[in-house]
J.: 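First the structure, which I've put down as structure tokens, then a few questions once you've had a look.
Just so it is clear, the structure is predicted and the values come from calculations on it, not from any experiment. Chain naming here is simple, since letters A, B, ... match the order of the sequence lines and numbering starts at 1 in each.
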Protein chains: 2
Amino acid sequence: MKLPESTEWVLHAATALAQLAQFDQGSTASAAQLAEHYDLPAAYLAKQLQALVRAGLLSGSTGPRGGFRLARPADQITLLQVVEAVDGESPFYTCREIRQRGRGAVPPEQCREACGLAALMAAAEAAWRASLAATTIADVVAALPPGLPGRTRSLLARPR
Amino acid sequence: MKLPESTEWVLHAATALAQLAQFDQGSTASAAQLAEHYDLPAAYLAKQLQALVRAGLLSGSTGPRGGFRLARPADQITLLQVVEAVDGESPFYTCREIRQRGRGAVPPEQCREACGLAALMAAAEAAWRASLAATTIADVVAALPPGLPGRTRSLLARPR
DNA sequence: GGCGTTATACTCGGATACCACGTGTCCGAGTACCCCCGG
DNA sequence: CCGGGGGTACTCGGACACGTGGTATCCGAGTATAACGCC
């Protein structure tokens with residue numbers, strides 16, 4: 001029950017791209033740039049960013065001055081979407097209905113309602129997802145210390 | 001980000017032991033019995049139940065008529081405790097402070113407050129844990145169809 | 001018949017292999033840019 | 001000076017090894033039981 005370490009990477013990367021978009025809507029940052037910015041393995045970070053592209057959160061362009069940028073405004077990208085893009089959407093807990101198996105198998109007519117344990121686990125998971133869905137990347141950028149977005153942008157601005 | 005499959009096993013096992021304790025405080029069920037009851041690999045289930053013993057949720061006794069029983073009343077055992085016993089208590093998301101590393105490292109004086117992303121992820125995780133901590137094994141047993149605890153007990157009662 | 005001893009069978013508990021997923025890396029396909037050449 | 005073409009360098013994108021943790025299994029240590037023999 002641990003999120004991939006790359007979750008942190010893509011969350012910060014998305015935040016950085018959002019800061020970049022604040023100044024120049026169409027500007028991009030390459031995977032190599034972001035990797036250097038956070039001291040991360042470039043190739044693996046690129047792999048994860050590709051996952052965000054597949055999820056429709058980022059758009060990637062090739063060639064010189066290419067790179068990644070947010071596919072839509074930062075206030076329309078939630079933390080949950082970023083996390084699910086890199087970690088998948090499969091639920092934490094999957095009920096295999098073991099109550100209906102083995103010597104103590106409960107007869108099907110008693111199983112009309114869902115397994116109580118599965119329902120409780122699903123409710124907890126829903127609380128987690130709801131908490132993450134309540135915040136957008138734009139909220140994260142807004143909470144940054146003032147002046148930092150400008151600094152980020154100047155560091156990520158590529159040599160013209 | 002998936003709970004071990006054995007999580008379901010121990011949750012159901014704890015529920016079964018709670019039903020057993022309703023009738024006879026000191027009665028035990030062996031790992032082999034519980035495994036047969038749910039059609040599970042006995043040895044591996046035993047390994048997970050040992051984890052619950054280490055966590056202080058169950059107590060195990062050896063010898064004939066030995067086995068596992070709840071270490072305290074079912075209304076004092078939460079789902080969270082059971083899950084953490086088998087899955088560990090390590091947080092989903094660990095902040096490695098990548099914002100302070102690499103080319104874009106934020107100076108320490110700007111990092112007096114915790115990383116905003118880490119705080120949000122921690123809040124979501126807290127919501128999950130709180131949801132699981134709000135329900136006890138006793139609640140689960142109380143929600144079972146009437147008559148089922150008696151059946152479970154008769155199936156698990158061992159040949160005198 | 002009662003009690004002590006012994007043998008037994010059953011239990012947990014930990015140490016040992018196997019497999020999948022996350023981690024890390026590499027190379028190839030594609031493209032926008034830049035330079036050069038010709039008009 | 002201006003436009004077109006080719007070369008180049010940079011980008012993403014997917015395919016290939018490695019390590020850690022969950023899954024599964026086994027065998028040994030310990031104990032309450034039950035039977036047995038003795039008093």
Side-chain angles (χ1 to χ4, degrees), chain A residues 1-10 13 17 26-36 38-55 57-69 71 83 85-88 90 92-94 96 98 156 158-160, chain B residues 1-10 13 17 26-36 39-55 57-69 71 83 85-90 92-94 96 98 156 158-160:
Chain A
M1 192 64 170
K2 263 178 67 58
L3 285 166
E5 186 178 348
S6 48
T7 306
E8 184 181 8
W9 306 354
V10 294
L17 290 176
S27 63
T28 64
S30 71
Q33 275 185 300
L34 290 168
E36 189 188 0
Y38 292 115
D39 187 23
L40 301 174
Y44 191 38
L45 174 63
K47 181 182 176 68
Q48 304 306 332
L49 293 177
Q50 289 166 25
L52 296 204
V53 172
R54 277 192 296 273
L57 303 178
L58 302 185
S59 69
S61 53
T62 68
R65 295 188 58 78
F68 296 96
R69 66 172 171 278
V83 171
V86 66
D87 185 58
S90 60
F92 304 164
Y93 180 91
T94 54
R96 303 204 192 279
I98 65 173
L156 245 42
R158 64 181 71 198
R160 179 67 181 174
Chain B
M1 192 60 168
K2 263 179 65 60
L3 285 165
E5 187 178 347
S6 48
T7 306
E8 184 181 7
W9 306 355
V10 295
L17 290 175
S27 63
T28 64
S30 72
Q33 275 185 298
L34 290 168
E36 188 187 0
D39 187 23
L40 302 174
Y44 190 40
L45 173 64
K47 181 182 176 64
Q48 305 305 334
L49 293 177
Q50 289 166 25
L52 296 204
V53 172
R54 277 193 293 274
L57 303 178
L58 303 185
S59 70
S61 54
T62 67
R65 295 189 56 78
F68 296 96
R69 67 172 173 278
V83 171
V86 67
D87 186 59
E89 304 183 15
S90 60
F92 304 163
Y93 179 92
T94 55
R96 302 205 192 280
I98 65 174
L156 245 41
R158 63 182 71 196
R160 178 66 184 174

J.: Rounded to the nearest angstrom, tell me the gap between atom CZ in A/R69 and atom P in D/dC12.
T.: 12 Å

J.: Describe the nucleic acid contact of B/S61 in one word from base, sugar-phosphate, nothing, applying a heavy-atom distance below 4.0 Å.
T.: sugar-phosphate

J.: In terms of side-chain heavy atoms of A/S30, which of D/dC12, D/dT31, C/dG22 is nearest?
T.: D/dC12

J.: In this structure, how many angstroms lie between the P atom of D/dT25 and the CD atom of B/Q50, rounded?
T.: 15 Å

J.: Taking for each residue the nucleotide of DNA chain D with the nearest heavy atom, is it B/A42 or A/G67 whose nucleotide lies nearer the 5' end?
T.: A/G67

J.: In whole angstroms, how far is the P atom of C/dG14 from the CG atom of B/L45?
T.: 15 Å

J.: I want to verify a distance call: between D/dA24, D/dG13, D/dC12, whose nearest atom is closest to the A/V53 side chain?
T.: D/dG13

J.: Please give, in whole Å, the distance from D/dG14 P to A/Q48 CD?
T.: 13 Å

J.: Of the nucleotides D/dC12, C/dT25, D/dT31, which has the atom closest to the A/F68 side chain?
T.: D/dC12

J.: Report the distance from atom CG of A/L40 to atom C1' of C/dT25, rounded to the nearest whole Å.
T.: 15 Å

J.: Quick check for you: among C/dT11, D/dT23, D/dA9, whose closest atom lies nearest to any side-chain atom of A/P64?
T.: D/dA9

J.: Taking OP1 and OP2 of D/dC10, is either one under 4.0 Å from a side-chain nitrogen or oxygen of A/T62?
T.: no

J.: Which whole-number value in Å describes the distance from B/M1 CE to C/dT23 P?
T.: 13 Å

J.: Measure from the side chain of B/P41, starting at C-beta and using heavy atoms only, and say which of D/dG14, D/dA24, C/dC26 lies closest.
T.: D/dA24

J.: Report the distance from atom CZ of A/R54 to atom C1' of D/dG13, rounded to the nearest whole Å.
T.: 9 Å

J.: Please confirm whether the backbone N or O of B/G60 pairs with a side-chain atom of B/T28, one donor and one acceptor, at under 3.5 Å?
T.: no

J.: Find the distance A/L34:CG to D/dT11:C1' and express it as a whole number of Å.
T.: 13 Å

J.: Taking B/S6 for its side chain and B/W9 for its backbone only, find out whether a donor-acceptor pair lies under 3.5 Å.
T.: no

J.: Under 4.0 Å, counting only non-hydrogen atoms across every strand here, what does B/A31 touch: a base, just sugar-phosphate, or nothing?
T.: sugar-phosphate

J.: Measure the spacing between CZ of B/F68 and CG of B/L49 and express it to the nearest 0.5 Å.
T.: 4.5 Å

J.: Select one nucleotide: of C/dG22, D/dG22, D/dA24, the one nearest the side-chain heavy atoms of B/K47.
T.: D/dA24

J.: Can you tell me how far CD of B/Q48 sits from CG of B/L40, rounded to the nearest 0.5 angstrom?
T.: 11.0 Å

J.: For the side chain of B/Y44, starting at C-beta, report the closest nucleotide among D/dA24, D/dC26, C/dT11.
T.: D/dA24

J.: Could you grab the distance from atom CD of A/E8 to atom CZ of B/R96, nearest 0.5 Å is fine?
T.: 7.0 Å

J.: So what does A/A43 hit on the nucleic acid, given a heavy-atom distance under 4.0 Å: a base, only sugar-phosphate, or nothing?
T.: base

J.: If you round to the nearest 0.5 Å, how far is CG of B/D87 from NZ of A/K2?
T.: 10.5 Å

J.: Counting the atoms with a prime plus P, OP1 and OP2 as sugar-phosphate, which does B/T28 contact under 4.0 Å by heavy atoms, base, sugar-phosphate, or nothing?
T.: nothing

